[in-house]
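Here the structure comes first, spelled out in structure tokens, and everything after it is commentary.
Counting starts at 1 for both ligands and their atoms, in listed order. Residues: numbered from 1 along the sequence shown.
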Amino acid sequence: PETISIQELANRMSERSVDVIKFLMQQGQMMKPGDIIEPDLAELIASEFGHTVRRVAESDVEEGIFNVADNVENLVPRPPVVTIMGHVDHGKTSLLDAIRKTSVVSGEAGGITQHIGAYQVEQGGQKITFIDTPGHAAFTAMRARGAQATDIAILVVAADDSVMPQTIESINHAKSAGVPIIVAINKIDKPGADASKVRNALLQHEVFVESMGGEVLDVEVSALKGTNLDKLLDAILLQSEILELKADPTRTAEGVVIEAQLDKGRGPVATVLVQTGTLKIGDIVVAGDEWGRVRALITDKGAQLKEALPSMPVEVLGMQGTPLAGDRFAVVESESKAREIAEYRQRVAREKQVAKSAGQRGSLEQMMS
Ligand code: GTP
Ligand code: MG
């Protein structure tokens, strides 16, 4: 079975090893950074630090992929990745649109068609990455598979509608992923708006905002009028400072597919979020069971990049096929390696499908988990 040192586990989680050791101490275990621990303990630690563990399949072809550790010395601050969530029609997309308009950088954009669901804006010289969640189903899929994509969740609640079923679902998603919530009480311009009713309703779902004696930041906004957007952005930066988000831009890129589609003219287009490392033109990537060589990197503003840094959302052109939203991606060293991994995964996926219909799920699920 796979083992890992405390230091390496801390690196992969972008945490400090002293914090991991402190946690172990609280559990009554005295350990050093170099100590090797069992997978079960590693998993426990990871979940304690709010990470989702994905044990890599024990196969030769998978070896090396998703296994490159960040080097602590190379860790530098990265922008927060913020997912906007909430009940249907509470104004998630409107809020994001309004934020992008007021942001200096996106103000320079100028009428380019943007079908990418992820954006980067700048506030006071600091970048923030936003992911819109267009429909609830899409969001769930992304949550389930790309669990590490989000640092902060913005819970949008319309002040005239208060807490609704998908608000509650969103709260539960954020909580189970260990992601801090910032509440945006939207539509305060509306005659029927009642922000304190929202705060009280949130209380019942164990979201304790500051004015109720809790620690969750909340901001009253109007996406329509552009009210308090700066306050919301400041709350995000404040929250992100606490999280001390870091990544290693010197290593090969890894991340998650936000969305992907087959474009008539451009072929498969994958919108990916680079989570660590730097993604470059010419890199060979594997995403889910597809692979490709990066031909172009395009920002949400339509700009062509030579490389994409950690926390940056980009469109990737050059994939051989269309990966799925939520698929992990990583850069590999050669085309043959990429092909091998993709083919292996396609075969496993087929076998899994066959096994499923044959009703012998156990052994194969073990292999994949
Ligand atoms: P889904 O993606 O379908 O879940 O909806 P959404 O949460 O993205 O809501 P969207 O931004 O599409 O807004 C829904 C409706 O609310 C639109 O008609 C918006 O114009 C309106 N709306 C959004 N924000 C505000 C606001 O601050 N004030 C008022 N009065 N209306 C708003
Ligand atoms: Mg929307």
Original post:
Applying salt bridge (charged side-chain N to carboxylate O under 4.0 Å, His left out), which residue pairs with at least one partner in residues 194-212 are found, sequence neighbours left out?
Top reply: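 Salt bridge (charged side-chain N to carboxylate O under 4.0 Å, His left out) check on residues 194-212 returns Arg199-Asp218, Arg199-Glu220.
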Any idea which atoms of ligand 1 are less than 4.0 Å away from a heavy-atom of [X]?
X	result
Ser94	10 (P), 11 (O), 13 (O), 19 (C), 23 (C), 24 (N)
Ser222	27 (O)
Asp189	26 (C), 27 (O), 28 (N), 29 (C), 30 (N)

For residues 22-29, run the donor-acceptor check on the side chains, cut-off 3.5 Å, and write out each pair with its distance to 0.1 Å, sequence neighbours left out.
none

Does an N or O anywhere in [X] fall below 3.5 Å from an N or O of ligand 1?
X	value
Gly91	yes
Ala223	yes
Lys190	no
Leu224	yes

Original post:
Can Asn11 and Gln7 be counted as having a side-chain donor-acceptor contact under 3.5 angstrom?
Top reply: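 Present: a donor and an acceptor within the cut-off.
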Original post:
Distance only, no hydrogens: is a donor on one side chain within 3.5 Å (strictly under) of an acceptor on the other, for Asp161 and His90?
Top reply: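 Side-chain D/A pair, Asp161 to His90: present.
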**OP:** For the Mg ion (ligand 2), decide whether Ser94 has an N, O or S atom at a distance under 2.8 Å.
**Re:** no
**OP:** Start with the C-alpha distance between Arg345 and Asp327, add both sets of side-chain angles, then the distance that settles salt bridge (charged side-chain N to carboxylate O under 4.0 Å, His left out), and finish with yes or no.
**Re:** CA-CA 12 Å; Arg345 288 183 175 174; Asp327 278 348; over 6 Å; no
Subject >> For the student: nearest non-hydrogen atoms of Ala184 and Leu95, plus distance >> reply: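 Shortest heavy-atom contact: CB-CD2, 4.0 Å.
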Subject >> Option of least heavy-atom distance to atom 15 (C) of ligand 1 (set: Lys187, Lys92, His90, Gln166) >> reply: Lys187
**OP:** Could you tell me whether Asn186 approaches ligand 1 through its side chain, its backbone, both or neither, with non-hydrogen atoms closer than 4.0 Å?
**Re:** side chain
Subject >> ILVMFWY cluster, Val316 and Ile281 together (side-chain gap under 4.5 Å) >> reply: yes
